[in-house]
Amino acid sequence: METTTESAPRQHAEQPMTSAYDVDKVRADFPALHQLVHKKPLVYLDSAATALKPQSMIDAVTQIYAQHCGNVHRAVHTLSQSATAVYEGTRDKVQALLNASEREEIMFVRGTTEGINLVAQSWGRANLGPGDEVVVTELEHHSNMVPWHMVCAQTGARLVVVPVTEAGEITLDAFDACLSDKTKLVAMSHVSNVLGTVLPIRDMIARAHERGAVVLVDGAQGVVHGAVDVQALDCDFYVFSGHKLYGPTGTGALYGKRALLEEMPPWMGGGDMIGEVTIRGFTHNELPYKFEAGTPSIASVVGLGASVDYVTALGMNAIAAHEQRVLAHGLAALSEIPGLRFFGTAPNKASVISFAIDGVHTHDMGTLLDAHGIALRTGHHCAQPLMQRYGVTGMARASIGLYSRPEDFDVLVRALHRITKMFS
Ligand code: PMP
């Protein structure tokens with residue numbers, strides 16, 4: 001992510017800030033990169049959908065099943081105790097990654113989607129009513145729009161949508177125009193999964209707070225491309241998915257400020273979230289377990305801990321700087337394709353390039369690129385309102401991860417030249 005006053009990357013103390021980034025060494029850690037697809041070396045440009053996994057993360061998951069195979073928080077026996085220790089260890093790692101002030105402010109969820117639904121159903125149902133407004137932006141992923149549609153329908157609150165500019169930006173003027181004393185909650189992406197735009201979240205959070213609103217940040221694409229400091233941002237909730245951070249599927253984390261979490265009712269009921277249960281009712285557990293009902297994705301959470309170790313060792317700032325170099329090369333290389341239109345040209349942009357080419361259906365493009373061994377996403381990217389904004393049904397999207405190379409875009413551009421000739 002570009003360094004700006006809104007989203008200046010936090011400097012992790014343990015990060016080597018000036019060491020050279022050795023992408024070939026990094027790539028050696030990712031077994032999935034070293035395969036042929038349709039007899040061509042894989043070029044993976046779909047990290048925004050899900051990131052490939054480092055061997056250390058895969059080994060951590062295997063080790064849980066091979067060794068620490070007990071349920072967590074349950075038994076006094078050794079396997080349960082050791083499973084609990086490594087599971088809870090991830091909470092400390094995520095706390096450090098986000099710079100949360102307390103480990104109890106980190107809850108494990110299945111991913112960004114579940115984290116947002118948790119806040120919508122717990123905080124939203126308890127605090128929203130007729131006359132209240134929830135503000136989202138036009139570039140949100142369905143995961144940060146549909147849960148708010150649902151809770152608005154349940155409570156009588158109204159959804160207000162901040163429009164996006166042609167360049168794919170959310171301006172503070174447009175944002176201000178949507179805020180009022182009726183605004184109870186603002187929910188916005190840190191980084192757009194379609195346009196790559198880095199939103200001015202620090203200013204947006206401050207302005208929402210001036211109106212007394214609570215703010216949730218969808219960090220699914222934010223936490224992967226730069227350092228995040230929830231205390232400096234002062235957001236009330238921040239949520240991300242493990243699988244986009246080089247971790248396993250089925251896990252993620254929700255950060256929330258303790259004062260809000262204490263007031264919120266539990267969302268799901270079941271084992272572990274209770275204090276005492278009788279025939280007549282129950283009391284709930286302390287934070288964070290109040291929001292972690294049932295047996296969690298233990299192995300995945302432990303894998304998430306290993307992936308947090310991996311990115312932290314590389315350094316979030318070093319990763320961001322490397323990705324910016326690849327992004328700049330990708331944008332320059334793609335701009336040579338005749339008839340190519342970029343979506344999202346904001347100056348503050350991270351790791352995602354969406355485009356369309358005159359006369360080439362994006363679905364055909366995706367299929368033909370796959371035959372070249374190139375993995376790239378085509379379609380609506382779970383952001384149909386944004387597609388409607390640009391008057392298209394889909395876009396092609398090349399997205400960058402910490403293992404991406406400028407050469408990946410040279411391969412893409414050569415293939416796109418061949419494909420456009422087929423359609424001309
Ligand atoms: N928000 C954004 C910005 C995303 O990119 C995604 C995943 N594409 C999500 C939310 C949903 O994440 P998940 O499917 O992992 O819950």
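Indexing begins at 1, ligand by ligand and atom by atom, following the structure's order.
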**Salt bridge flag under 4.0 Å for residues Arg377 and Asp46** = no
**Item:** Protein heavy atom at shortest distance from atom 11 (C) of ligand 1
**Value:** Ser143 OG, 3.4 Å
**Asked** Is atom CD of Glu286 surrounded by more than 12 heavy atoms (other residues, nucleotides or ligands) closer than 6.0 Å?
**Response** no
**Item:** ligand 1 contact on His381 by region, counting heavy-atom pairs under 4.0 Å
**Value:** neither
**Request:** Kindly write out the residues that satisfy side chain to side chain contact (heavy atoms under 4.5 Å, CB included) with Thr90, not counting sequence neighbours, or none if the list is empty.
**Result:** Val94, Phe108, Val301, Leu304
**Lys/Arg-Asp/Glu bridge criterion (N-O < 4.0 Å) met for Glu210, Arg207** = no
**Message:** Is it the case that atom CZ in Arg325 sees more than 12 heavy atoms from other parts of the structure closer than 6.0 Å?
**Reply:** yes
**Message:** Surrounding OH of Tyr65 (heavy atoms of other residues, nucleotides or ligands, distance under 6.0 Å), is the total greater than 12?
**Reply:** no
**Asked** Who gets closest to atom 1 (N) of ligand 1 by heavy atom: Thr249, Val239, Asp218?
**Response** Asp218
**Prompt:** Going by the order shown, which atoms of ligand 1 are within less than 4.0 Å of some heavy atom of Ser241?
**Reply:** 12 (O), 13 (P), 15 (O), 16 (O)
**Request:** Using a strict 4.0 Å cut-off to heavy atoms of Asn193, name the atoms of ligand 1 that fall inside it.
**Result:** 3 (C), 5 (O)
**Interfacing atoms of ligand 1 (cut-off 4.0 Å, heavy-atom, Thr113)** = 11 (C), 12 (O), 13 (P), 14 (O), 16 (O)
**Request:** Look at the aromatic rings of His380 and His142 and report parallel, tilted or perpendicular, splitting at 30° and 60°.
**Result:** tilted
**Message:** Show the atoms of ligand 1 that are less than 4.0 angstrom away from any heavy atom in His243.
**Reply:** 15 (O)
**Prompt:** Is there a nitrogen or oxygen of Lys244 sitting under 3.5 Å from a nitrogen or oxygen of ligand 1?
**Reply:** yes
**Asked** Which atoms of ligand 1 are found less than 4.0 Å from any heavy atom of Gln221?
**Response** 3 (C), 4 (C), 5 (O)
